[in-house]
Amino acid sequence: MFTSYETIAWAVMIIVFTLLEAATLGLTSIWFAVGALASLVAAVMGFNLFVQIAVFIIVALILLIYTRPIAKRVLKIGRNKTNTDALIGQHAYVTKAIGPHETGLVKINGQIWTAKSVDGELIDVEANVEILAIEGVKLIVKGL
């Protein structure tokens, strides 16, 4: 098999980028590993170093720009969902009135939460509300 310093360097870069990706799981360095693989193929085919570097940059950037967003969406990288996300869209029961500029309390699934109105409306005790969002530890609600 044909070996040169370039082929060894590209092989080392493939290993380094792959290990870096395995350590971080950020879905960034894997594209550079693929770019290094393409450059390794170019080196084995006998292309000069400038062509190899151009192949590396072009392949890595194209993959990074066009396939990373798709891969992130499919693999759901970088999204940390919590159990509280399931509360959005559900209905709760007001146990302490929610004022125009004051927080109140609502009860949902046996838990009491601090809540504020989405549009500053007054919501009386015993009213039912819909949970629209969560900001920190406060539910953002609207009256039904």
Side-chain angles (χ1 to χ4, degrees), residues 4-45 47-144:
S4 68
Y5 293 115
E6 288 98 0
T7 58
I8 294 169
W10 291 119
V12 168
M13 289 177 69
I14 292 168
I15 293 168
V16 168
F17 285 128
T18 302
L19 290 175
L20 185 62
E21 181 63 37
T24 62
L25 297 174
L27 210 57
T28 300
S29 56
I30 193 67
W31 312 125
F32 295 106
V34 175
L37 178 63
S39 294
L40 175 66
V41 170
V44 168
M45 292 175 67
F47 289 100
N48 67 36
L49 184 60
F50 294 112
V51 172
Q52 295 170 33
I53 292 172
V55 166
F56 172 75
I57 291 170
I58 291 168
V59 169
L61 285 178
I62 287 173
L63 289 173
L64 187 64
I65 292 169
Y66 292 107
T67 62
R68 184 173 187 260
I70 295 167
K72 279 185 75 169
R73 186 173 53 249
V74 169
L75 299 174
K76 295 177 176 54
I77 304 274
R79 295 184 191 159
N80 294 329
K81 291 225 174 200
T82 64
N83 291 338
T84 58
D85 292 331
L87 295 177
I88 296 173
Q90 292 191 22
H91 296 174
Y93 175 81
V94 178
T95 60
K96 178 185 173 199
I98 302 170
H101 301 288
E102 297 178 6
T103 59
L105 298 175
V106 298
K107 187 173 187 176
I108 182 167
N109 298 335
Q111 294 180 331
I112 302 291
W113 285 77
T114 305
K116 67 179 183 177
S117 171
V118 68
D119 53 7
E121 69 178 307
L122 173 64
I123 304 174
D124 290 324
V125 175
E126 298 183 3
N128 286 317
V129 293
E130 180 182 356
I131 300 167
L132 302 177
I134 301 173
E135 291 180 359
V137 295
K138 287 187 189 102
L139 300 178
I140 310 302
V141 300
K142 74 172 183 177
L144 294 177

Using side-chain contact (heavy atoms from CB on, under 4.5 Å) as the criterion, point out the one residue from I108, I140, V106, V118 that pairs with I131. I108
State yes or no: are the ring centers of W31 and F17 separated by less than 6.0 Å? no
Closest heavy-atom contact between I123 and A127? CG2-CB, 3.8 Å
Spatial distance of atom CD (E130) from atom CD1 (I88) [nearest 0.5 Å]: 10.5 Å
Between I14 and L40, is there a side-chain heavy-atom distance shorter than 4.5 Å? yes
Which atoms form the tightest heavy-atom contact between A36 and M13, and what is the distance? CB-CB, 4.1 Å
Just to verify, what does E135 make a salt bridge (Lys or Arg N to Asp or Glu O under 4.0 Å) with, not counting sequence neighbours? K116
From I62 atom CD1 to I57 atom CD1, the distance as rounded to the nearest 0.5 Å: 12.0 Å
Do the side chains of E21 and F32 get nearer than 4.5 Å, heavy atoms only? no
Nearest 0.5 Å, what's the CG-OH distance between L61 and Y66? 10.5 Å
Verify whether one side chain among S39 and Q52 offers a donor that lies under 3.5 Å from an acceptor in the other. no
Go through the steps to decide whether H91 and L144 satisfy the test side chain to side chain contact (heavy atoms under 4.5 Å, CB included), and finish with yes or no. CA-CA 9 Å; H91 296 174; L144 294 177; 3.5 Å; yes
Show the numbers, then the answer: is there a side chain to side chain contact (heavy atoms under 4.5 Å, CB included) between V141 and I98? CA-CA 10 Å; V141 300; I98 302 170; 3.7 Å; yes
Distance from E102 atom CD to L122 atom CG, nearest 0.5 Å? 9.0 Å
Of all the heavy-atom pairs spanning T18 and A33, show the shortest one and how long it is. OG1-CB, 3.7 Å
Separation of L49 CG from I53 CD1 (nearest 0.5 Å): 4.0 Å
Locate the shortest heavy-atom distance separating T7 from V44; write the atom from each residue and the value. CG2-CG2, 3.9 Å
Determine, stepwise, if the pair T95 / Y93 fulfils side chain to side chain contact (heavy atoms under 4.5 Å, CB included). CA-CA 6 Å; T95 60; Y93 175 81; 3.9 Å; yes
Assess the residue pair V51 and N48 against the criterion (side chain to side chain contact (heavy atoms under 4.5 Å, CB included)); give the C-alpha distance rounded to whole Å, side-chain angles, the decisive distance to 0.1 Å, and a yes or no. CA-CA 6 Å; V51 172; N48 67 36; 3.4 Å; yes
side-chain hydrogen bond (donor to acceptor under 3.5 Å, both in side chains) partners for D124, two or more places apart: none
